[in-house]
Amino acid sequence: MSCFDLRRVAMAALVLVSSTGLSACMNLKSYVDPALVPVAKSQLPTVATPKPVSVLFEFRTKGNANPQATSALQGRVIAATAESDMFSKVSSTAGIPDAGILKIIIDNVGDQGNAVAKGIGTGLTLGLAGSLVRDGYACTASYAYKEKTYETTLNHAILTTVGNHRAPPGLTAVTPMDAITQVVDQLVWHALKDLAEKQAFSAE
Amino acid sequence: MLRFGRFSIIAGIALIAAGCISTPSPKYQPSISNTESLLKSAVKLRVGSFVAARGVEDKSLVIRGWQLEGGSDGTFGGYLREAAIKELQTASAYEDAGEFSLTGTLTRNELNASIKTGSAIVGAEFVLTRDHEIVFKKSLEARHEWESSFVGVVALDAAVANYSVTVQKLLGKLFADEDFVAAARSKPSR
């Protein structure tokens with residue numbers, strides 16, 4: 001590669017980095033997908049005899065374990081489980097006598113559309129060509145007590161507008177952190193509601 | 001001002017080239033499958049010392065001029081030890097005064113964050129003793145690959161996160177090893 005070629009590569013890299021930096025300054029708004037109708041605490045079934053539960057949580061990104069995100073969101077999953085009032089004690093440690101095991105896996109499956117192409121288009125036009133990205137989350141929750149195991153699966157999403165793109169109709173913008181917190185809370189409560197309706201927490 | 005700016009850029013490049021920018025090892029997060037393996041085997045262990053074999057990188061791993069530091073004691077042997085303790089504690093399988101003691105020697109410790117694909121290989125020889133008698137000794141190795149990036153900071157972040165995933169995989173191999181489980185549940189012969 002000649003020296004001239006090297007300079008062109010360096011310049012291209014500089015433009016790429018600059019446009020990435022400028023893109024970061026663009027207007028970015030998050031919205032919680034309304035497709036999964038929020039469940040309120042009052043809608044959660046009452047468990048007659050709450051038992052202790054060990055919560056095992058793992059966050060994945062496109063099927064691969066993501067320990068940093070697991071660490072960041074584990075507290076929220078434990079808190080949402082405790083706030084359900086369906087258990088006498090909630091712990092992140094397994095192997096507690098007479099405790100059921102609630103396993104929750106949330107997989108950030110990403111955008112089903114062409115997020116990268118949309119992002120590049122928005123970046124290169126400095127936000128004039130805005131884009132809407134749908135970030136999907138697939139949740140698998142199971143509850144095991146003694147010999148019985150119950151399972152449910154759910155899907156949720158965060159919609160994010162980047163640059164000059166109008167908000168999805170009827171939705172209110174929230175910060176990305178609030179969006180992921182709402183998604184995790186709702187996935188946990190929906191999962192607990194589904195499992196309770198399958199009589200998982202009444203098992204003896 | 002211009003001269004100072006040039007000096008700052010040169011100093012920054014020199015620091016990166018010298019590998020002076022370091023990042024601590026990630027907080028270890030136990031994996032669900034490892035917890036399940038430990039619950040299934042119902043073993044109870046304490047954890048002894050973990051060291052590195054001669055020639056194995058134990059203090060820092062260099063990724064594109066950045067340094068990933070070892071565990072809280074500054075070594076990767078220590079990081080593996082802390083990871084094993086966290087896994088055992090999460091499954092209520094850690095017993096500080098138990099008869100079985102797990103020790104280890106790091107035999108391989110590699111981390112790569114190239115432009116397209118990142119990879120890590122972590123290997124260790126695990127030794128399980130019961131009352132100072134060796135009941136299990138085996139070398140295991142875990143390999144892991146992930147999508148890396150052209151952008152250095154993104155590649156570094158992914159490499160740091162995936163190093164701990166590789167350690168999860170290594171401990172997963174140990175906890176699921178039939179010989180290990182049999183040894184950890186064995187009774188004294190006398």
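Because the structure is predicted, anything quoted here is derived from the model rather than measured. In what follows, chains carry the letters A, B, and so on, assigned in the order in which the sequence lines appear, proteins first and then strands, with residues in each chain numbered from 1.
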- Would you please test A/I101 and B/L39 for side chain to side chain contact (heavy atoms under 4.5 Å, CB included) and show each step? CA-CA 11 Å; A/I101 293 182; B/L39 287 174; 3.4 Å; yes
- Okay, B/I32 and chain A: the region with an atom under 4.5 Å from a heavy atom over there is both
- Would you indicate whether B/K137, at its atom NZ, is surrounded by more than 12 heavy atoms from other residues, nucleotides or ligands within a distance under 6.0 Å? no
- Query: Which answer fits A/Q68, side chain, backbone, both or neither, if we ask what part of it has an atom under 4.5 Å from a heavy atom of chain B?
  - Reply: side chain
- Item | Under 4.5 Å from a heavy atom of chain B, the part of A/S71 involved | both
- Item | B/E145 CD to A/N64 CG distance, which is reported to the nearest 0.5 Å | 11.0 Å
- For A/P67 and B/S164, work out which heavy atoms get closest and say how close. CG-OG, 3.4 Å
- Contact part of B/T90 toward chain A, heavy-atom cut-off under 4.5 Å: side chain, backbone, both or neither? both
- Between B/E147 and A/K62, is there a side-chain N and carboxylate O pair less than 4.0 Å apart? no
- Item | Proximal component of B/A91, with respect to chain A [non-hydrogen, under 4.5 Å] | backbone
